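Comments concern the structure below.
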Amino acid sequence: MDHSRTIIHIDLDCFYAQVEMNKNPSLRTVPLGIQQKNIVVTSNYTAREFGIKKCMLIPEAKKLCPSLVLVNGEDLHDYRQTSYKVTNLLQKYTPLVERLGLDENYLDVTTLINEKLNQKSDLKLVGNVFGDTSDKCECGCTERLIIATTVAQEIRDVIKSELNLTSCAGIAHNKLLAKIAGARHKPNQQTVVFPNSALELILSLNAPNDIPGIGRALFEQLKCIGVETIEELQNVDLKRLETVLGQDKAKLVHELSLGIDKSGVKPTGKPQSIGLEDSCRSISVETEVKIKLEQLLNRLLLLVEEDGRVPKTIKLTVRKFNKDNKMSHRETRQCNVNPSIFSSSQPNKEAKIMTTIMHLFNRIIDVKKPYHITLLGLSFTKFQEPPKNTLASFLRKDLEVQSVLSIENQNGVEDAESPVPSTSKLAPTEGESPTPSPKKLKLTNLVSKKRCFEDYYEDCESPSKLKVADLCLDSVSCPPDADKEVFKELPKEVQKELWEDYKRRRASEMNFCSSQVKKTKPNTLLNYFIRNN
DNA sequence: CTGGGGTCCT
DNA sequence: AGGACCC
């Protein structure tokens, strides 16, 4: 087998709870639960001593621990910010950092370890070991993994000292084993597993769906062919597995059950989508739909502004009431949007986007008939690259323009982004919308390709004069609750963060004022500058 | 009495 | 557009 890689999995302890305890240290000494709607999504370790578990219902949690303190965690903004600070720290060790959710990161430290190996550094094993170490692999992985335990400890120390967050680490020669090993000793500990203990580690799990990558649906399929335990999965006849899963999936699942995971650590770049959703008891009138979607849109526009890129597609998600346990059933509709609608100088941009959103809504819901909605979601995808005001990027923009135009030229009037050969799939995505999508323009206005492009970006005189920067550079002011004198002296970056935080707090307040009492959420950075009187 | 996000594949 | 997977 190949043990040439060295992987570290970092998992922040009860992440949301730690962020809230850092924001408000008095929460450290009390049992704390993070609440989303009627659920405790995570809790600190004080609360766990009472038996509070992940995703426990509020009444049940309160019964177990009447003194449980609940903090609303429905707005993930602060968690997301802290999460990216962690990832940024990790990227100082290797560019190969893959995020999984907000609280987990994989690092491929192979190169770093090999450098340390050459430096003949000390071979001291730090932290826990899973399994016995009596018979060791001689391929060199043992030394690498031992060195990695020191690196993992260093990394966890830095996360603690820089961000005041404790974490767990798993160290192994692949992602799967690193993740499973790290969960063996919690919280604030680390565990290394050597290849010879891989099978034992996997077998220590309770069921096939405890293996990351094997979810509920796969487990059900496995049961269908009589495979209910991990041991049975390890020994299953591959041919029989293939009959239900197909060749590729069967091989993958079987390998996972043996602790084999060839997947690489894929560096996570900027997010592919930015979205918000809000579940609710019941919405059945259109004005209420509009209010909810406007709240979501206002918050979402701030997130997109923080991101700096401009989205090209908007997606609406609706969950209808369903008496069955089919919780996951959501319907989505998406359409392209003209990026220029996000321009800060665009008047009534919220109203314009809302018009598009309501058209999407009407494609899911016939408002003339009764309906019963339990979730609304809004998401932006397919981002344009952030504008960089350099000469090089200016030229690159022109090149992009040229390639877009040449693709359009080759394919007649098709979607510039996905030049699919079959034209049958190219139904206009925004049907009857009064705001024509770029695609519709191309389909209806068969004008010169230059003219077509100018329509796409509206008032630009020519492609090379594109004021792309205007799309996302909103002006920054001093928040009314901050000290203006202090604000003036702050670096531009910090000013922007404070201003965006202020706008976000306002949007959040508007979002919650109608539905529930919201405790004020102190912001750590802002607190330094807020006036005391 | 079931969150609010994300990813990739089909 | 939906469905699988992850947290």
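Throughout, protein chains are lettered first and strands after them, A, B, ... in sequence-line order, and every chain is numbered starting at 1. Please read these numbers as outputs of a predicted model, since none were measured by experiment.
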So which of residues 207-234 of chain A are in contact with DNA chain C, with a heavy-atom cut-off of under 4.0 Å?
Ile211(A), Pro212(A), Gly213(A), Ile214(A), Gly215(A), Arg216(A), Ala217(A), Leu218(A)
Who pairs with Phe380(A) by ring-ring contact (aromatic ring centres under 6.0 Å, His included), at least two apart in sequence or on another chain?
Phe342(A)
Got a sec, which residues hit ring-ring contact (aromatic ring centres under 6.0 Å, His included) with Tyr45(A), two or more places apart in sequence or on another chain?
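So Tyr45(A) forms no ring-ring contact (aromatic ring centres under 6.0 Å, His included) with any residue.
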Return the set of residues passing side chain to side chain donor-acceptor pair (under 3.5 Å) with [X] (not counting sequence neighbours), or none when no residue passes.
X         : value
Thr332(A) : none
Thr166(A) : Asp13(A), Gln18(A)
Lys290(A) : none
Asp210(A) : none

What integer distance in Å separates [X]:[atom1] from [N]:[atom2]?
X         : N      : atom1 : atom2 : value
Gln334(A) : dG2(C) : CD    : C1'   : 11 Å
Lys249(A) : dG3(C) : NZ    : P     : 16 Å
Asp103(A) : dC7(C) : CG    : P     : 9 Å
Leu245(A) : dG3(C) : CG    : C1'   : 15 Å

Quick one: side chains of residues 199-206 of chain A, donor-acceptor pairs under 3.5 Å with protein atoms, not counting sequence neighbours, listed by atom name and distance.
unit_1    : atom_1 : unit_2    : atom_2 : d
Ser204(A) : OG     : Arg184(A) : NH1    : 2.6
Ser204(A) : OG     : Leu201(A) : O      : 2.5

Phosphate OP1/OP2 of dA1(C): any Thr332(A) side-chain N/O under 4.0 Å:
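Thr332(A) to dA1(C) OP1/OP2: no side-chain N or O under 4.0 Å.
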Would you please confirm or rule out a distance under 4.0 Å between OP1 or OP2 of dA1(C) and any side-chain N or O of Arg363(A)?
yes
Row check, Phe321(A) ring normal vs Arg281(A) NZ/CZ: under 6.0 Å, within 45°:
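No, a cation-pi geometry is absent between Arg281(A) and Phe321(A).
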Any ring-ring contact (aromatic ring centres under 6.0 Å, His included) pairs touching residues 215-274 of chain A, not counting sequence neighbours?
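ring-ring contact (aromatic ring centres under 6.0 Å, His included) check on residues 215-274 of chain A returns no pairs.
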Please determine whether salt bridge (charged side-chain N to carboxylate O under 4.0 Å, His left out) holds for the pair Glu104(A) and Lys179(A), giving the CA-CA distance in whole Å, both sets of side-chain angles, and the decisive distance to 0.1 Å.
CA-CA 9 Å; Glu104(A) 295 184 20; Lys179(A) 181 176 162 80; 2.8 Å; yes
Residues of residues 164-178 of chain A with any non-hydrogen atom less than 4.0 angstrom from an atom of DNA chain B: list those, numerically ordered, please.
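Per residue number, the list is empty: none.
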When every nucleotide of nucleotides 3-10 of chain B is labelled 5' to 3' by its protein contacts under 4.0 Å (heavy atoms), B for base, S for sugar-phosphate only, - for none, what sequence of letters results?
BBSSSS--
Within the structure shown, what part of the strands sits under 4.0 Å from Lys179(A) by heavy-atom distance: base, sugar-phosphate, or nothing?
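Since only primed, P, OP1 and OP2 atoms lie under 4.0 Å of Lys179(A), the category is sugar-phosphate.
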Just checking Glu60(A): base, sugar-phosphate only, or nothing, at a heavy-atom cut-off of under 4.0 Å?
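No contact.
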Of all residues at least two apart in sequence or in a different chain, which pass the side-chain contact (heavy atoms from CB on, under 4.5 Å) check with His185(A)?
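If we apply the side-chain contact (heavy atoms from CB on, under 4.5 Å) test to His185(A), skipping adjacent residues, the hits are Asn128(A), Gln189(A), Thr191(A).
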Rounded to whole angstrom, note down the C1' distance from dC7(C) over to dT2(B).
16 Å
